[in-house]
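From a predicted model like this one, the values you see are computed outputs, not experimental measurements. Ligands are counted one by one from 1 in listed order, and the atoms in each one are counted from 1 as well.
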Amino acid sequence: MAGSAWTSALCKWESPDYEPSLPVSEKSNPLTCDIDRASAESIVKMLHRCDVQMFQEESEGTYQRLLSDQVVKTLAEVAKRAELILKDPQDSLVVLSGCGTSGRLAFLIAARFNRALRQLKQNPVYSYIIAGGDRALLSSQEAPEDDPKLGMLSLKKVCEGKKRVLFVGISCGLSAPFVAGQLDFCLQHPEVYTPVLIGFNPAHQARDEAMPGCTFTFHSVVQRMQEHANAFLINPAVGPEAISGSSRMKGGSATKILLEVVLSAAQAAAFSRTPVTCNGIVQHIGAHKRTVDVTYSECEGIAALVEAAGRSLQGGGCVCYLGWGSLAVLSLMDASECNPTFGADYEDVRGFISGGYAELNINEGSLTSLGPDFCIAHEDFLHLLLPRLTDKDTVLLIYTHCDDVGDVLKLARRVREKMVNLHAFYHQADGDTSAALQQDDINKLCLSTLNITWPAAAMPFCRQNRTLSSVSVPQQWELSTKLVLNAVSTGAHILKGKIYQNHMIDVQVTNSKLYRRATRLLQRLSGRPGPQCEEALLKAIYQVEELTGDIPSCDITTHTHKARSRTKVVPAALVCLLTGCSLVEAESHLKQRPIIREAVEELL
Ligand code: S6P
């Protein structure tokens with residue numbers, strides 16, 4: 001796309017006429033409307049442009065952005081609240097909470113900042129909550145997101161006996177009832193709780209839909225927060241997602257950036273006599289922007305991974321991430337998101353972490369008893385998966401030069417004995433040659449190697465101090481790794497034909513947000529009225545040709561519960577709407593054309 005056309009596409013979504021009924025987080029991104037027909041390299045370039053939108057400046061009269069004065073001011077205020085708790089942690093807690101990706105990031109950040117405190121011989125003050133409990137860190141648990149009471153109860157439990165709590169609720173779409181229940185509870189107990197909400201829609205776009213057993217909506221909670229002197233709303237717009245509604249991508253990245261900016265500033269103020277300032281916050285956000293740029297400057301290397309993973313998924317193979325340290329946590333997260341996002345099987349994309357649950361260190365300990373999909377150690381990979389792998393599958397090693405590169409090499413050799421489709425993705429400081437020989441050996445074993453080299457000036461802390469620099473190295477590696485893995489899994493599913501334009505059609509309809517999104521998508525693609533689309537969706541969910549009995553009068557929770565055991569409901573409903581055929585015929589049409597994009601294109 002030429003320069004000016006690109007600039008106008010970059011900002012097109014901000015126009016009041018652009019998909020006016022949708023909140024920013026659900027709009028489709030004009031930059032990616034052809035992503036379904038793009039090559040691996042073009043996909044990566046499109047994702048780069050979308051990510052750049054996170055850091056765009058506020059244009060007058062439109063949305064507030066990451067670097068808007070008000071956002072930066074609020075970030076500084078929240079950092080000061082966190083600083084107070086760090087200085088006087090007795091009976092106090094900082095709780096980070098969310099659903100899906102937002103909850104996974106709450107875990108990642110709470111774990112890292114607690115680790116930093118322990119290194120300073122301080123007691124941990126951070127706790128995380130994820131809807132659905134720890135199993136949701138590793139698998140798709142979308143239903144608990146709809147339960148405001150569950151959110152409230154889990155917050156109460158974590159905070160038992162505490163006298164002061166800084167609560168950070170994360171909901172990218174300002175929509176999750178689970179988080180709304182928690183914020184409502186905080187507002188009712190201001191003597192203990194200071195509520196903070198992180199999301200990426202303007203306040204008036206917060207979801208205004210009744211929730212089971214509640215007199216409030218997410219929207220009304222946000223309004224109450226706006227009127228409350230002791231509540232904070234951090235909600236810059238970051239632009240629509242590359243795949244509509246896929247908030248694991250920019251929403252997740254921006255959540256990570258915001259939490260790190262706030263908590264790093266608080267830690268530096270509490271322990272390094274560096275007061276929280278707006279300028280410091282702006283600098284820190286700028287460093288994250290550079291991380292995005294450095295990462296995407298390796299477009300070719302990322303595209304090679306997208307292509308390899310895409311080929312594997314197309315050929316019925318799988319993609320395995322073998323990671324070390326916190327980068328492995330990001331790989332577990334990325335893999336777990338493929339099921340709800342692309343309707344993928346849990347075996348399609350899997351993550352493994354060196355050290356398994358001992359390294360992960362989650363609230364509930366080891367979850368291996370839940371079944372093979374919860375076996376996440378490298379040993380599990382070697383015993384359960386490697387014997388079955390062939391050259392059709394892709395294995396990706398993910399590490400940094402601060403990890404045990406000798407161990408990486410050992411594992412690379414084991415994998416290579418079985419299959420050739422092995423790739424490496426690692427971070428390194430410019431000029432760091434400490435593991436050069438081993439790295440050479442790894443390179444020889446791999447079909448492709450993506451090496452992101454970071455300027456040495458930004459990396460003075462490798463090994464020794466990985467914690468308190470305002471722009472710490474792990475933060476850069478992690479964000480960079482998140483971007484690359486999101487590109488790999490999203491790109492691979494696009495190449496597999498799972499996306500139509502920039503919409504995920506085969507979305508799992510497992511909570512109310514996804515149910516509404518599915519209905520809207522059917523309307524958009526079929527041009528039929530909403531009620532007719534909802535009827536088609538329900539027929540596909542219940543697998544009936546006619547809606548009889550009490551199905552139409554059941555609530556969304558009942559529908560989404562039923563949908564859990566069903567696959568391809570949205571594509572089937574779409575085929576019925578477009579052709580007028582029966583559900584049985586639609587399902588057989590989809591069986592003959594498993595590539596959803598082609599099945600849909602043929603009918604449109
Ligand atoms: C989205 C991801 C979901 C969301 C979850 C919470 O790509 O698959 O699991 O993270 O639905 O969304 P939100 O808007 O409350 O942060």
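The protein atom (non-hydrogen) at minimum distance from atom 6 (C) of ligand 1 is Cys99 O, 3.2 Å. Atom 12 (O) of ligand 1 has as its closest protein heavy atom Lys513 NZ, 3.0 Å. Distance from atom 8 (O) of ligand 1 to its nearest protein heavy atom, with residue and atom name: Thr341 OG1, 3.9 Å. The nearest protein atom to atom 10 (O) of ligand 1, hydrogens excluded, is given as Thr101 N, 2.9 Å; this is a heavy-atom distance. Closest to atom 1 (C) of ligand 1, if we only count protein heavy atoms, is Ser247 OG, 3.4 Å. With respect to atom 7 (O) of ligand 1, the closest heavy atom belonging to the protein is Arg248 N, 3.0 Å. Atom 5 (C) of ligand 1 has its closest protein heavy atom at Glu145 OE1, 3.4 Å. Given atom 3 (C) of ligand 1, the protein heavy atom at minimum distance is Glu142 OE1, 4.1 Å.
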Trp477 vs Leu327, side chain to side chain contact (heavy atoms under 4.5 Å, CB included): CA-CA, chis, key distance, verdict:
CA-CA 8 Å; Trp477 290 336; Leu327 304 193; 4.0 Å; yes
Under the side-chain hydrogen bond (donor to acceptor under 3.5 Å, both in side chains) criterion, do Thr62 and Glu58 qualify, and how do the steps go?
CA-CA 7 Å; Thr62 59; Glu58 181 176 340; 5.9 Å; no
Test side chain to side chain contact (heavy atoms under 4.5 Å, CB included) applied to Val196 and Leu166, step by step
CA-CA 7 Å; Val196 180; Leu166 181 65; 3.8 Å; yes
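Interface atoms of ligand 1 facing Gly100, defined by a heavy-atom separation under 4.0 Å, are 9 (O), 10 (O). Shown in contact with Ala176 at under 4.0 Å from a heavy atom are these atoms of ligand 1, numbered in order with element: 15 (O). Close contacts of ligand 1 with Gly173, meaning ligand atoms under 4.0 Å from a residue heavy atom, involve 14 (O). Taking a cut-off of under 4.0 Å to the non-hydrogen atoms of Ser102, the atoms of ligand 1 that pass are 10 (O), 16 (O). Applying the 4.0 Å criterion to heavy atoms of Cys172 picks out, from ligand 1, the atoms 13 (P), 14 (O), 15 (O), 16 (O). In the vicinity of Ser246, heavy-atom distances shorter than 4.0 Å reach the ligand 1 atoms 7 (O).
In terms of polar-atom proximity, Asn511 is not counted as a contact of ligand 1, lacking any N or O under 3.5 Å from an N or O of the ligand. Ligand 1 has no N or O atom lying under 3.5 Å from any N or O atom of Pro340, backbone or side chain. Among the atoms of Leu174, none of the N or O lies under 3.5 angstrom from an N or O of ligand 1. In terms of N/O distances under 3.5 Å, ligand 1 is not approached by Arg104.
For the 3.5 Å distance criterion, the side chains of Tyr296 and Ser480 fail to qualify, holding no donor opposite an acceptor. A donor-acceptor contact closer than 3.5 angstrom is absent between the side chains of Gln188 and Tyr193. Under the 3.5 Å distance criterion, with hydrogens and angles disregarded, no donor-acceptor pair is assigned to the side chains of Arg248 and Ser253. One side chain, Asn29 or Gln53, offers a donor N or O that lies under 3.5 Å from an acceptor on the other. Side-chain contact check for Asp146 and Tyr515: no donor-acceptor pair (N or O, by modelled atom type) lies under 3.5 Å. Between the side chains of Glu534 and Thr519, no donor-acceptor pair of N or O atoms lies under 3.5 Å.
Neither the backbone nor the side chain of Met249 comes within contact range of ligand 1; no heavy atom lies under 4.0 Å. Within the 4.0 Å heavy-atom criterion, neither part of Glu337 lies near ligand 1.
Annotation: His288 is not in aromatic contact with Phe55 [ring centroid separation under 6.0 Å not met].
Taking a 4.0 Å cut-off on heavy atoms, Gly98 fails to register as neighbouring ligand 1.
Lys482 and Asp334 are not joined by a salt bridge, as no carboxylate oxygen comes within less than 4.0 angstrom of a charged side-chain nitrogen. Salt bridge status for Glu26 with Arg516: absent, with no side-chain N to carboxylate O gap under 4.0 Å.
Applying the 6.0 Å contact sphere to NE2 of His228 captures more than 12 heavy atoms from other residues, nucleotides or ligands.
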